[in-house]
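Here the structure is laid out as structure tokens; the discussion comes afterwards.
By convention in this document, chain letters (A, B, ...) are assigned in the order of the sequence lines, proteins followed by strands, and residues within each chain are numbered from 1. Please read these numbers as outputs of a predicted model, since none were measured by experiment.
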Protein chains: 2
Amino acid sequence: MAKVLLNQDQLQAVAKLFELLAEPSRLDILQNLKKKPLSVGQIVDATNAKQSNISKQLGILHDAGLLKRERQGNLIFYSIADPMIFDLCALVCGKLRKDAQSQLAIVQSLAK
Amino acid sequence: MAKVLLNQDQLQAVAKLFELLAEPSRLDILQNLKKKPLSVGQIVDATNAKQSNISKQLGILHDAGLLKRERQGNLIFYSIADPMIFDLCALVCGKLRKDAQSQLAIVQSLAK
DNA sequence: ACATAATATTGCTAATTAGTAATATTGTCA
DNA sequence: TGACAATATTACTAATTAGCAATATTATGT
């Protein structure tokens, strides 16, 4: 079990992946794609963002390898390339929920 | 098991946490704090960043609740508030490693 | 070929922020 | 108290980027 720290390049790679998930509009796209692949138009309808921005964010996620792209006639369907990202999001959601509960407990104890 | 999607506020909260981890200098601080608490000066020495920037990033991580702070005389020691972040980083590192291995396999098969 | 629908791209603006040098604050010790 | 060491803050610059309107591209059906 080595105790070696990540070097600068590795840190940058990790940071870059987190950066992709650090944008609400991209997270929204990802959570909408969780169940099944969707076309660009369906994603635009599901979120409340403009088509041009959705297209841009889809491009970013695709270039980074987080999404797969498949043309079907006139439509282009995007899908999750690596479900691991949902594990990441689940961890974060779990932490936020736990923190919120701790806060609630504190507030409740003060209100007694 | 509800299938409800996160709303805008929740997405923003998740994004904000990812944002904290989306910076190499902050990741470097966190990985150095993994073993044990360190003073600001020790962190400056361990990384190769300026004192003012380390102090700034420590403040950001502390304000966000990811780090705890404790004064000991002249020194201020920072420590990890929630080890969960290492689970996050481990997931990301695992993915990057797996992706790199896939790439390697492709290159090797082409080189035959 | 043409009209139309779906998606991508371009050019732009406004906002955010990492990093830095300089300076301020806070605590220790003599 | 004064000098010094550790940390924080301030003011600034340069770089990045989300969102948008307008336009370009690509595919379909007639």
Side-chain angles (χ1 to χ4, degrees), chain A residues 6 8-9 11-33 36-79, chain B residues 6 8-9 11-33 36-79:
Chain A
L6 301 184
Q8 292 302 117
D9 285 348
L11 288 173
Q12 195 149 5
V14 174
K16 200 169 174 180
L17 214 160
F18 280 128
E19 179 72 49
L20 291 168
L21 304 175
E23 185 58 41
S25 61
R26 284 195 288 268
L27 290 175
D28 203 5
I29 290 173
L30 292 172
Q31 74 171 349
N32 275 285
L33 288 176
K36 63 177 196 294
L38 295 175
S39 70
V40 178
Q42 288 174 318
I43 298 172
V44 171
D45 292 343
T47 65
N48 43 11
K50 304 292 179 197
Q51 178 269 325
S52 62
N53 196 37
I54 291 293
S55 200
K56 182 191 202 170
Q57 304 307 331
L58 286 171
I60 290 172
L61 291 169
H62 178 261
D63 289 351
L66 291 193
L67 293 184
K68 285 184 289 190
R69 176 153 53 192
E70 189 191 0
R71 170 151 241 147
Q72 279 185 26
N74 220 4
L75 306 178
I76 297 190
F77 282 82
Y78 283 89
S79 58
Chain B
L6 300 183
Q8 291 302 117
D9 283 349
L11 287 173
Q12 194 148 7
V14 174
K16 199 168 176 180
L17 213 160
F18 280 128
E19 178 72 47
L20 290 167
L21 304 175
E23 185 58 39
S25 60
R26 283 194 288 267
L27 290 175
D28 203 5
I29 290 174
L30 292 172
Q31 74 172 348
N32 275 285
L33 289 176
K36 62 178 195 295
L38 295 176
S39 70
V40 178
Q42 289 174 319
I43 299 171
V44 171
D45 291 344
T47 65
N48 42 12
K50 304 292 180 199
Q51 178 267 327
S52 61
N53 196 37
I54 291 293
S55 199
K56 182 190 201 171
Q57 303 308 330
L58 285 171
I60 291 172
L61 292 170
H62 178 261
D63 289 350
L66 292 193
L67 292 185
K68 285 183 289 189
R69 177 153 52 192
E70 188 192 0
R71 170 152 242 147
Q72 278 185 25
N74 221 2
L75 305 178
I76 297 189
F77 282 83
Y78 284 89
S79 58

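The distance between atom CG of Leu20(B) and atom C1' of dT16(C), rounded to the nearest whole Å, is 14 Å. Regarding Leu38(B), its CG atom lies at a distance of 15 Å from the C1' atom of dT7(D), rounded to whole Å. The separation between Ile76(A) atom CD1 and dA27(D) atom P is 8 Å, rounded to whole Å. If you take CD1 of Ile60(B) and P of dT16(C), they are 14 Å apart, rounded to a whole angstrom. Atom CD in Glu19(B) sits about 13 Å away from atom C1' in dA15(C), given to the nearest Å. We find that CG of Asp63(A) is positioned 11 Å from P of dA8(C), with the value rounded to whole Å. For the pair Glu70(B) CD and dG27(C) P, the computed distance is 14 Å after rounding to whole Å. Distance, Ile54(A) CD1 to dT9(C) C1': 16 Å, rounded to whole Å.
A close approach under 4.0 Å does not occur between any side-chain nitrogen or oxygen of Tyr78(A) and OP1 or OP2 of dA6(C). In terms of phosphate contacts, Asn53(B) brings a side-chain nitrogen or oxygen within less than 4.0 Å of OP1 or OP2 of dG19(C). Put simply, Arg71(B) has no side-chain N or O that comes within less than 4.0 Å of OP1 or OP2 on dT28(C). Note on Arg26(B): a side-chain N or O is less than 4.0 Å away from OP1 or OP2 of dA18(C).
For the pair Asn74(A) and Ala49(A), both in contact range of DNA chain D, the more 5′-proximal nearest nucleotide belongs to Ala49(A).
The closest donor-acceptor contact from the side chain of Arg26(A) to the backbone of Asp28(A) lies at 3.5 Å or more, if one exists at all. Judged by distance alone, with hydrogens and angles left aside, the side-chain atoms of Ser55(A) form no donor-acceptor pair with the main-chain N or O of Gln51(A) at under 3.5 Å. A distance-only check finds a donor-acceptor pair linking the side chain of Gln31(B) to the backbone of Leu6(A) [under 3.5 Å].
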Margin query: Could you walk me through whether Glu23(B) and Ile60(B) satisfy the side chain to side chain contact (heavy atoms under 4.5 Å, CB included) test, starting with their C-alpha distance in whole Å, then the side-chain angles of each, then the deciding distance to 0.1 Å, before giving a yes or no?
Written below: CA-CA 11 Å; Glu23(B) 185 58 39; Ile60(B) 291 172; over 6 Å; no
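When each of dA22(D), dG19(C), dT7(D) is scored by its nearest atom to the side-chain atoms of Lys56(B), the top-ranked nucleotide is dG19(C). Distance from the side chain of Val40(B) is smallest to dT7(D) among dA8(C), dT7(D), dT9(C). Listed nucleotides dT26(C), dG19(C), dA8(C) differ in distance to Ser25(B); the shortest reach to its side chain belongs to dG19(C). Distance from the side chain of Ser52(A) is smallest to dT9(C) among dA21(C), dT9(C), dT9(D).
In this model, no side-chain donor or acceptor of Gln57(A) finds a partner on the base of dA18(D) within 3.5 Å. Gln51(A) contributes a side-chain N or O that forms a donor-acceptor pair with the base of dA8(C) under 3.5 Å.
Checked against Phe77(B) for a side chain to side chain contact (heavy atoms under 4.5 Å, CB included), the options Lys68(B), Gln42(B), Arg71(B) give a single hit: Gln42(B).
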